[in-house]
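Take a look at the structure below.
Just so you know, these numbers use all the heavy atoms, side chains as well, and skip hydrogens, waters and symmetry mates.
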There are 2 protein chains.
Amino acid sequence: MTANLRQVAERAGVSVRTVSNVVSGFPLVAPQTRERVQRVLDEMGYRPNAAARHLRGGRSGLVALVIPEIASPYFGELAGHLADEAEKRGWTLLVQQTGGDARRERELLDGVRGQAVDGLVMSPWALCPTDLRRRPDAAPLVLLGEQDADGLLDHVVIDNVAAARELTRHLIETGRTRIAAIGLQPHLTNGTAARRLTGYRQALAEAGLPHDPALEIPVAQLHRADGAAAMRGLLAAGIDADAVFCFSDQLALGALHVATGHGLRVPADLAVAGFDDVEDGRYANPSLTTVSPDKPAIARAALDCLAERLAPGTGPAPARHIVAHHLEIRGSTAG
Amino acid sequence: MTANLRQVAERAGVSVRTVSNVVSGFPLVAPQTRERVQRVLDEMGYRPNAAARHLRGGRSGLVALVIPEIASPYFGELAGHLADEAEKRGWTLLVQQTGGDARRERELLDGVRGQAVDGLVMSPWALCPTDLRRRPDAAPLVLLGEQDADGLLDHVVIDNVAAARELTRHLIETGRTRIAAIGLQPHLTNGTAARRLTGYRQALAEAGLPHDPALEIPVAQLHRADGAAAMRGLLAAGIDADAVFCFSDQLALGALHVATGHGLRVPADLAVAGFDDVEDGRYANPSLTTVSPDKPAIARAALDCLAERLAPGTGPAPARHIVAHHLEIRGSTAG
DNA sequence: GTGAAAGCGCTAACAT
DNA sequence: ATGTTAGCGCTTTCAC
């Protein structure tokens, strides 16, 4: 076992109290005592025991990231930023996967194992705001993505309506008129897809383009396979789209793969655009036009939010935190 | 605060001991008592306090994944499998990023914040086996990737030499004779790239093909950008390769992007192959031939290894755990 | 400026 | 089969 306070105290000939003071930087210690204690501390390679601190003080230094799956590129990139930001604040990030399953989301919210975390950053798919709020004296929670829970829960988002409208407008400006939208998720409580659809429809309406329900394609998940399936469906149905706007880069990469395999030239015959700006998109052939959310800012906003809730006092009311985004125009729409 | 054992005991009219027995499933409790206590437990929504358990028993239920970056698709997919496997064993996975930096690797090994974990799964880039072994009474450690540390440290690997040889042989069998290898990393302590190079050279030698140092390209990192840069260098130097074997899918996707952008037809003019079988590769245009390591098996092997070290007794000597792989032949080499 | 000691919630050794 | 209690390592209140 590693040395504890009592052992250090004995060796340094002082009390546990004094050693604790030195370790925690408490000011009222004689400089000479401090120095001697510090030397013993170093000699013995003292490390504060996290469990004891946690038991005593109530803080574990752990923040949980609760997401459908870490293997998804978007969540992977986000997790990277969150881990970095957490580190800066003296926290450590822990990952819990839900697979988008309601029971698992509930379990993790209630803290089956997460009980020992100081806060949660969660991207819910199956639980609605009402469910999410039902958690007696639990750790602070901040949500990622649209939730229709303004004022009830903290959540970090980009302006999905505006972003989808901008991207659709870009497609229209480059001459496309038959623009499909792939990625509706009517089965999810998470309102992100719905907002993107709204932005898409707004841009069409603004341009005076007709709105064709046959061009709005739902998907089961946001994986490449789902985008591929949607594209195959579009082609099989003989629907003559000249652009597809996918609600995630993964969907777009799947669609791009199928379109190219079908002999379509992108972007000449068909423009393809995505959402998220994950690294895969940049190196696709052709590289993918997409909406780029400011991911480091999302990570910062989420952790700032938790930090505020953990600070003494109740902090501000739960809010919708909007983070910047920009359009990243690349070869798949503007070759 | 949530209810504790004492409060439950009072309400149920028994001692803490009995409640503890019920919670932990200790057999010697009268069925009738057990039932009554369980009811109170449920009523009060009792949750064991992780910090107290940890302080008392020494187990935190946490396993740290220490890797260069979680945003990399390979590590993302692996993290997903590790999180699932950890969950099955009652562990929670925590992520620590090193950026491949030696000081940071050292820090995390010594447990700056990781001190409270039951074990570490690490992919070292900067520290050598000697450094890795220098850690007094720390948590069990299992390494991912080649380490030249047989018998000294537990590590989980695939047979990189064989895998690289098989892939190179496949390229030769499809008629390629000028095969470049992209991904040498002479600056890393991690011997993975070196073994893949060995396998590549063996296959060339077996086929009686000359070995050309100009075709062996080192890279700084394993990102798509590095693969792209290497491919650009190859083209700029006017080197007439008919295939490139990249030591990661990320490198291959970068190379593919540049080759295609240069007007090369893949695989007709140039075959491109990768390593890792990450999902991006499957949906690339054309889809990427690659070596597919059994990632779920890697996750299982790593955690089995930690579990053995944590079990009472010292367990078997540190060993090299070899996991299966197979060749995944796709359009980028065999269109 | 420093020491003594209580107590966070749990497990397990020791009693009965 | 169940009750009592020491003690894990730390922080902090209360004394001096």
[X] has an atom [atom1]; how far is it from atom [atom2] of [N], in whole Å?
X       : N      : atom1 : atom2 : answer
B/Leu41 : C/dC10 : CG    : C1'   : 14 Å
B/Asn4  : C/dC8  : CG    : P     : 8 Å
B/Leu5  : C/dG7  : CG    : P     : 18 Å
B/Asn21 : C/dA13 : CG    : C1'   : 13 Å
B/Asn49 : D/dC8  : CG    : C1'   : 13 Å
B/Arg47 : C/dC10 : CZ    : P     : 12 Å

Quiz item: Within 45 degrees of the axis of the six-membered ring of B/Phe26 and under 6.0 Å from its centre: does B/Arg34 put its NZ or CZ there?
Solution: no
Exercise. Determine the contact category for A/Val14: base if any of its heavy atoms lies under 4.0 Å from a base atom, sugar-phosphate if only primed atoms, P, OP1 or OP2 are that close, otherwise nothing.
Key: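 A/Val14: backbone/sugar contact only, no base atoms under 4.0 Å.
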Quiz item: If you look at every strand shown and take non-hydrogen atoms under 4.0 Å, does B/Tyr46 touch a base, only sugar-phosphate, or nothing?
Solution: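 Sugar-phosphate contact only - B/Tyr46 comes under 4.0 Å of backbone atoms but never of a base.
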Exercise. Indicate yes or no: at least one non-hydrogen side-chain atom of B/Val323 is less than 4.5 angstrom from one of B/Pro293.
Key: no
Quiz item: Between A/Asp84 and B/Gln97, is any side-chain donor less than 3.5 angstrom from a side-chain acceptor?
Solution: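 Yes - a donor-acceptor pair under 3.5 Å links their side chains.
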Practice problem: Could you work out which one of D/dT2, D/dC10, C/dG1 sits closest to the side chain of A/Leu28? | Solution: C/dG1
Quiz item: Among C/dT2, C/dG9, D/dT4, which nucleotide sits nearest the side chain of B/Val16?
Solution: D/dT4
Quiz prompt | For A/Ala102, side-chain contact (heavy atoms from CB on, under 4.5 Å) partners two or more places apart | solution = A/Ala126, A/Leu127
Quiz item: Does any residue of residues 30-39 of chain A have a heavy atom under 4.0 Å from DNA chain C, and if so, which ones, in number order?
Solution: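 Contacts with DNA chain C under 4.0 Å: A/Ala30, A/Thr33.
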Below 3.5 Å, can you tabulate the donor-acceptor pairs from side chains in residues 69-83 of chain A to any protein atom, sequence neighbours excluded?
{"from": "A/Glu69", "atom 1": "OE2", "to": "A/His223", "atom 2": "NE2", "distance (Å)": "2.4"}
{"from": "A/Glu77", "atom 1": "OE1", "to": "A/Lys295", "atom 2": "NZ", "distance (Å)": "3.0"}
{"from": "A/Glu77", "atom 1": "OE2", "to": "A/Glu279", "atom 2": "N", "distance (Å)": "2.8"}

Quiz item: With sequence neighbours excluded, what pairs up with A/Arg320 under the side-chain hydrogen bond (donor to acceptor under 3.5 Å, both in side chains) test?
Solution: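 If we apply the side-chain hydrogen bond (donor to acceptor under 3.5 Å, both in side chains) test to A/Arg320, skipping adjacent residues, the hits are A/Glu146.
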Self-check item: Counterpart residues, side-chain hydrogen bond (donor to acceptor under 3.5 Å, both in side chains), relative to A/Arg6 (two or more places apart)
Solution: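 Counting only residues at least two positions away or on another chain, A/Arg6 forms a side-chain hydrogen bond (donor to acceptor under 3.5 Å, both in side chains) with A/Glu10.
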Which atoms of nucleotides 14-16 of chain D (N or O only) lie under 3.5 Å from a protein N or O atom, and what are those distances?
{"from": "D/dC14", "atom 1": "N4", "to": "A/Arg17", "atom 2": "NH1", "distance (Å)": "3.3"}

